[in-house]
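In what follows, a single structure is set out as structure tokens and then discussed.
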Amino acid sequence: MNKDEQLARLLRLKRHEKPDEAYFEGFLGQFHDYQRKAIATQSAAALFWERVCTMVTALRRPSTAWAAAGAYAAIMLLIYAWPAPDHAVKTTLVISNQGPMVQPGPGNPAPPAPGDAPSWQATVPAGQTITVSDGPALQPPASGKRRTIDQPAEREGPKN
Amino acid sequence: MADAVLTDKQEDRVLVERAQEGDCPAFDTLVVKYSQRLYALIYHMTSHREDTNDLLQEVFARAFRNLKSFRGQSGFYTWIYTIAVNLTLNFLKKRNRRRMLSLDDVDSGVQNDGEFLELTASSDPVREAGLNELQKHLNEALQKLSDDHRAVVTLFDIQGMPHAEISKILGVSEGTVRSRLHYAHKQLQAHLSNYLS
């Protein structure tokens with residue numbers, strides 16, 4: 001008899017460890033008492049959670065676990081492999097030649113009076129197209145000085 | 001044997017259907033039928049009779065409360081065993097590992113057990129140890145195993161369940177069951193080397 005067989009025989013001896021018959025005869029009554037107490041004390045939330053756990057346990061099979069893992073991997077792959085949309089919104093403003101137009105004097109830009117058209121209308125020539133992006137170019141400069149539309153217009157405008 | 005198993009399953013199905021319709025005595029019949037086997041399963045996993053008693057009542061209470069969700073895809077036997085194993089494993093995770101053993105008596109039938117007689121005849125340490133000491137050493141060796149390993153040893157070696165059934169109950173593959181058994185046997189052989197020649 002090898003060690004495996006000897007071990008198997010030793011373990012089988014444990015079958016003889018059991019309570020006497022009276023325990024099992026009285027068990028049903030004991031169980032009924034236990035159920036009555038449990039019904040009186042258990043909350044609805046605990047009962048609901050227990051049902052969910054039991055259902056999940058019943059579904060737990062190796063094949064189900066592999067299928068769930070495969071589905072999860074496929075979803076994650078789709079999420080990460082999908083091309084990210086370009087969030088930079090570009091807006092094209094076309095300056096119309098209709099409406100008020102204030103011509104500043106040479107080297108003497110007139111400050112806009114209340115009620116006047118905004119300065120960008122005054123400094124951007126009609127018909128010119130400028131592109132406004134929500135990217136970092138429109139952020140205020142680090143100096144804290146507010147950037148206005150006439151600054152890029154002077155830079156990008158026609159040189160005389 | 002196969003016919004007997006089939007009849008057993010059919011009988012369970014009828015009892016479960018009646019219990020699902022609110023027939024409490026039908027569920028009581030299932031309790032009486034399975035209490036001994038489930039007691040043995042929990043007891044050999046915990047080596048503690050008071051804990052076993054509490055857990056066994058909770059197993060049947062849980063089965064009763066969830067009976068409506070039992071669809072009969074597996075046998076009632078497998079379903080209630082799964083509840084018992086999971087409940088016991090959860091309990092063991094929370095229980096203090098150093099807890100003392102609280103063992104049931106070994107029934108007098110062991111004195112007439114052919115395997116026991118053969119063991120005592122062939123092994124001096126078994127004969128010299130005496131039944132109570134052997135029982136204590138066996139339980140101590142089992143408690144040194146991890147909870148998962150003890151579960152497969154209990155189901156396979158003590159309860160005599162086939163690998164396929166154990167894999168369904170534990171929700172692992174048959175290969176995992178075999179591997180756990182192999183590892184657990186090696187550990188038990190090391191712990192019980194005095195009794196193995």
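Here is how names work: the chains are called A, B, and so on, in the same order as the sequence lines, proteins then strands, and each is numbered from 1. These values consider heavy atoms only, across backbone and side chains, with no hydrogens, waters or symmetry-generated copies.
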In terms of heavy-atom proximity below 4.5 Å to chain B, should A:Phe31 be classed as side chain, backbone, both, or neither?
both

Which atoms of A:Glu25 approach chain B - backbone, side chain, both or neither, heavy atom under 4.5 Å:
neither

Given heavy-atom pairs under 4.5 angstrom as the criterion, report whether the side chain, backbone, both or neither of B:Ala40 touches chain A.
neither

Are A:Phe27 and B:Tyr39 an aromatic pair by the rule of ring centers under 6.0 Å?
no

Should we say atom NE2 of A:His32 is surrounded by more than 12 heavy atoms from elsewhere, each under 6.0 Å from it?
yes

For a side chain to side chain contact (heavy atoms under 4.5 Å, CB included) check, start with the C-alpha distance between B:Gln36 and A:Glu21, then their side-chain angles and the critical distance, and finish with the verdict.
CA-CA 10 Å; B:Gln36 292 205 26; A:Glu21 284 300 312; 3.8 Å; yes

So if you build clusters from Ile, Leu, Val, Met, Phe, Trp, Tyr with side-chain heavy-atom gaps below 4.5 Å, do B:Val14 and B:Val31 land together?
no

Interatomic distance, B:His182 atom NE2 to A:Asp4 atom CG [nearest 0.5 angstrom]
9.0 Å

Do other residues, nucleotides or ligands put more than 12 heavy atoms under 6.0 Å from A:Tyr23 OH?
yes

Only one of B:Thr154, B:Asp157, B:Leu138 forms a side chain to side chain contact (heavy atoms under 4.5 Å, CB included) with A:Lys14, so which one is it?
B:Leu138

Please flag which part of B:Leu56 lies under 4.5 Å from any non-hydrogen atom of chain A: side chain, backbone, both or neither.
both

Could you check whether A:Asp33 and B:Gln57, counting side-chain N and O atoms only, form a donor-acceptor pair closer than 3.5 Å?
no

Please find the pair of heavy atoms, one from B:Leu196 and one from A:Leu7, that lie closest to each other, and give the distance.
CD2-N, 3.8 Å

Side chains of A:Leu10 and B:Leu188, heavy atoms from C-beta outward: is any pair under 4.5 Å?
no

Between the main-chain N or O of B:Ile158 and the side-chain N or O of A:Arg15, is there a donor-acceptor pair closer than 3.5 Å?
yes

Given heavy-atom pairs under 4.5 angstrom as the criterion, report whether the side chain, backbone, both or neither of A:Glu5 touches chain B.
neither

For B:Tyr195 and A:Gln6, does a side-chain donor sit closer than 3.5 Å to a side-chain acceptor?
no

Counting only non-hydrogen atoms closer than 4.5 Å, does A:Asp20 touch chain B with its backbone (N, CA, C, O), its side chain (CB onward), both, or neither?
neither

Joint cluster assignment, B:Val172 & B:Tyr183, ILVMFWY side-chain distance < 4.5 Å
no

Top of B:Asn139, B:Thr176, B:Leu134, B:Leu142 for chain A proximity - count of heavy-atom pairs under 4.5 angstrom
B:Asn139

Can you say whether B:Arg65 sits under 4.5 Å from chain A via the side chain, the backbone, both, or neither, judging by heavy atoms?
both

Based on non-hydrogen pairs under 4.5 Å, which of A:Lys3, A:Gln35, A:Lys18 is most in contact with chain B?
A:Lys18

A quick test of your reading: do over 12 heavy atoms of other residues, nucleotides or ligands sit less than 6.0 Å from CZ of B:Arg37?
yes

B:Phe60 and A:Tyr34, any side-chain heavy atoms less than 4.5 Å apart:
no

